[in-house]
Amino acid sequence: EQTDCSNSEEARVLLHGIIITYREKIIESKTGDDIAKIPISNQQDAIVKPNANSSIEQISYQLESFGQISDSVVLKVLDRNPDWENMLLVVDWTSSMYPYGSQVVLWQALHMATSGIRHLEFFNDGNHTLNVKKIGKTGGIYFSNPNNLESIIKTMHWVREQGDGGDIPENDVEAILKGIQAFPDVEQVVLIADNNSEMRDFELADLIDKPVRIILCGDYLGINPQYLSLALKTGGSIHTIDRDLSDLIQQFDHKQFEFNGFAYSIQPDSLVQIWQNDQSITLVEP
């Protein structure tokens, strides 16, 4: 079904298997305000006894139902970029992204007074629909007041109840466009993106008129060329757990640059092709 096979013989010759990638658990400080810098999977170690007077501890417990993960990429990127102001934060809130979205709430709780997040948006790729998803009209897009933590958490629960994606592609671009339409005064968009999912509506990317800064979640197999292309098209940037890739057009030396063992070449119309061992892996289709 995923590869348009018409019979079992065609499917039988394809690669079948499971890839398991192990990543070392990251543990940081476990004291005071540093609680929000601890990967969610380690918070049970940091918070042994809940304290009713600590909003951070209470929020951490409320977020446990969204899952746990040792990848603290969202926390690290937001910490590294305190100068981001007047931004629309768009969160992929499908099932595999719950732990990453939870980090947004933890970070916001600690930085409410200085946070540049003006508007907060969650999308679940069309609620519970599967076979009727239309490009640009998939839906499942919700907004929340970033200055009200209780409201954020309630919205997250509500959006999760409405749907968890159901399939691999997501409606990232539709969500960005809806957010800009609702809040045209924002200076930039920050997208919490699933690097392992394609954008079903990438063809609409040229309609975005704000720079998109993309926080990549799960980039251990290289940068998804769609997100790299989206950042290039909008004059935005790419952000991983340990690196910020700004001024992307300058990153391409002779139209190519390398990152974490992969090479990326820029094609016409700001489309990106990814290479490994001098062999093309994939090309973003318009």
Side-chain angles (χ1 to χ4, degrees), residues 36 40-41 43 47 50 52 54-69 71 73-75 78 87-112 115-184 186 189-194 196-197 199-201 214-215 217-218:
I40 292 177
S41 64
Q43 284 169 14
I47 310 170
S54 173
S55 61
I56 303 301
E57 292 182 6
Q58 295 301 318
I59 289 170
S60 297
Y61 274 102
Q62 291 185 61
L63 295 177
E64 283 186 359
S65 62
F66 294 141
Q68 301 175 345
I69 196 168
D71 181 356
V73 58
V74 175
L75 298 172
L78 292 176
M87 61 174 159
L88 165 67
L89 186 63
V90 181
V91 183
D92 180 342
W93 196 234
T94 53
S95 57
S96 62
M97 293 293 289
Y98 293 157
Y100 295 104
S102 299
Q103 294 177 41
V104 172
V105 189
L106 287 171
W107 189 89
Q108 182 72 352
L110 275 183
H111 301 83
M112 186 73 74
S115 172
I117 301 174
R118 293 293 172 264
H119 307 285
L120 185 57
E121 177 182 359
F122 297 92
F123 65 96
N124 65 16
D125 192 46
N127 295 326
H128 287 296
T129 60
L130 281 178
N131 299 322
V132 293
K133 294 181 180 181
K134 296 182 179 180
I135 293 176
K137 297 181 179 180
T138 300
I141 298 169
Y142 302 83
F143 300 96
S144 182
N145 179 3
N147 298 315
N148 187 322
L149 296 176
E150 182 178 358
S151 175
I152 295 175
I153 294 175
K154 286 183 177 179
T155 300
M156 295 165 80
H157 281 291
W158 171 256
V159 178
R160 183 174 66 168
E161 290 175 1
Q162 302 312 300
D164 60 1
D167 54 1
I168 295 177
E170 317 294 5
N171 59 332
D172 302 67
V173 177
E174 178 188 359
I176 292 171
L177 291 172
K178 293 289 185 183
I180 294 175
Q181 180 181 16
F183 308 108
V186 297
V189 176
V190 175
L191 173 66
I192 311 296
D194 184 354
N196 299 305
S197 293
M199 290 178 274
R200 72 171 68 255
D201 47 13
I214 304 170
I215 300 179
C217 304

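Note that the coordinates shown come from a computational prediction; the quantities given were computed from them, not determined experimentally.
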Derivation and outcome, side-chain contact (heavy atoms from CB on, under 4.5 Å), residues Leu120 and Ile152:
CA-CA 8 Å; Leu120 185 57; Ile152 295 175; 3.8 Å; yes
Does any donor atom in the side chain of Ser96 or Asp194 lie under 3.5 Å from an acceptor atom in the other side chain?
yes
Trace of the ring-ring contact (aromatic ring centres under 6.0 Å, His included) decision for Phe143 with Phe122:
CA-CA 6 Å; Phe143 300 96; Phe122 297 92; 9.7 Å; no
With rounding to the nearest 0.5 angstrom, report the CH2 to CG distance, Trp107 to Leu75.
10.0 Å
Quick one: is the NZ or CZ of Arg160 closer than 6.0 Å to the six-membered ring centre of Tyr98, and within 45° of its axis?
yes
Roughly how far, to the nearest 0.5 Å, is CD1 of Ile153 from OG of Ser144?
9.5 Å
At their closest point, which heavy atom of Ile141 faces which heavy atom of Ala175, and how far apart are they?
CD1-CA, 3.7 Å
At their closest point, which heavy atom of Val74 faces which heavy atom of Cys217, and how far apart are they?
CG2-SG, 4.2 Å
Side chain proximity check, Leu88 to Val190, heavy atoms < 4.5 angstrom:
no
How long is the span from the CZ atom in Phe123 to the OH atom in Tyr142, to the nearest 0.5 Å?
13.0 Å
Would you say that Val73 contacts Ile215 through its side chain, given a criterion of any heavy-atom pair below 4.5 Å between the two side chains?
yes
Criterion side-chain contact (heavy atoms from CB on, under 4.5 Å) on Arg118 and Phe183, from CA distance to verdict
CA-CA 9 Å; Arg118 293 293 172 264; Phe183 308 108; over 6 Å; no
Can you tell me how far CG of Asn171 sits from NZ of Lys134, rounded to the nearest 0.5 angstrom?
15.0 Å
Do any N or O atoms from the side chain of Lys133 and from the backbone of Gly126 form a donor-acceptor pair under 3.5 angstrom?
no
Please check this pair: side chain of His119 against backbone of Gly179, looking for a donor-acceptor N/O pair closer than 3.5 Å.
no
Ignoring hydrogens and angles, tell me if any N or O in the side chain of Gln108 forms a donor-acceptor pair with the backbone of Pro146 under 3.5 Å.
yes
Checking the side chain of Asp92 only, and the main-chain atoms of Ala193 only, is there a donor and an acceptor separated by less than 3.5 Å?
no
Is a side-chain donor or acceptor of Glu170 paired with a backbone partner of Asp125 at a separation under 3.5 angstrom?
no
Should Asp172 and Arg200 count as an ion pair when the cut-off is N to O under 4.0 Å?
no
Under 3.5 Å, is there a donor-acceptor pair between the side chain of His111 and the main chain of Gly116?
no
Would you say that Gln103 contacts Leu78 through its side chain, given a criterion of any heavy-atom pair below 4.5 Å between the two side chains?
no
Rounded to the nearest 0.5 angstrom, the OG1-CD distance for Thr155 and Glu121 is 12.0 Å
Going by salt bridge (Lys or Arg N to Asp or Glu O under 4.0 Å), name the residues that satisfy it together with Lys154, two or more places apart in sequence or in a different chain.
Glu150
Trace of the side-chain contact (heavy atoms from CB on, under 4.5 Å) decision for Val186 with Met87:
CA-CA 5 Å; Val186 297; Met87 61 174 159; over 6 Å; no
Atom CG of Leu191 and atom CD1 of Ile176: how far apart are they, to the nearest 0.5 Å?
5.0 Å
Ignoring hydrogens and angles, tell me if any N or O in the side chain of Asp201 forms a donor-acceptor pair with the backbone of Ile135 under 3.5 Å.
no
Under 3.5 Å, is there a donor on one side chain and an acceptor on the other for Tyr100 and Asp71?
yes
Given Met97 and Val91, is the side-chain contact (heavy atoms from CB on, under 4.5 Å) satisfied, shown in steps?
CA-CA 9 Å; Met97 293 293 289; Val91 183; over 6 Å; no
One pair to check against side-chain hydrogen bond (donor to acceptor under 3.5 Å, both in side chains): Asn148 and Ser151. What are the steps and the verdict?
CA-CA 5 Å; Asn148 187 322; Ser151 175; 4.9 Å; no
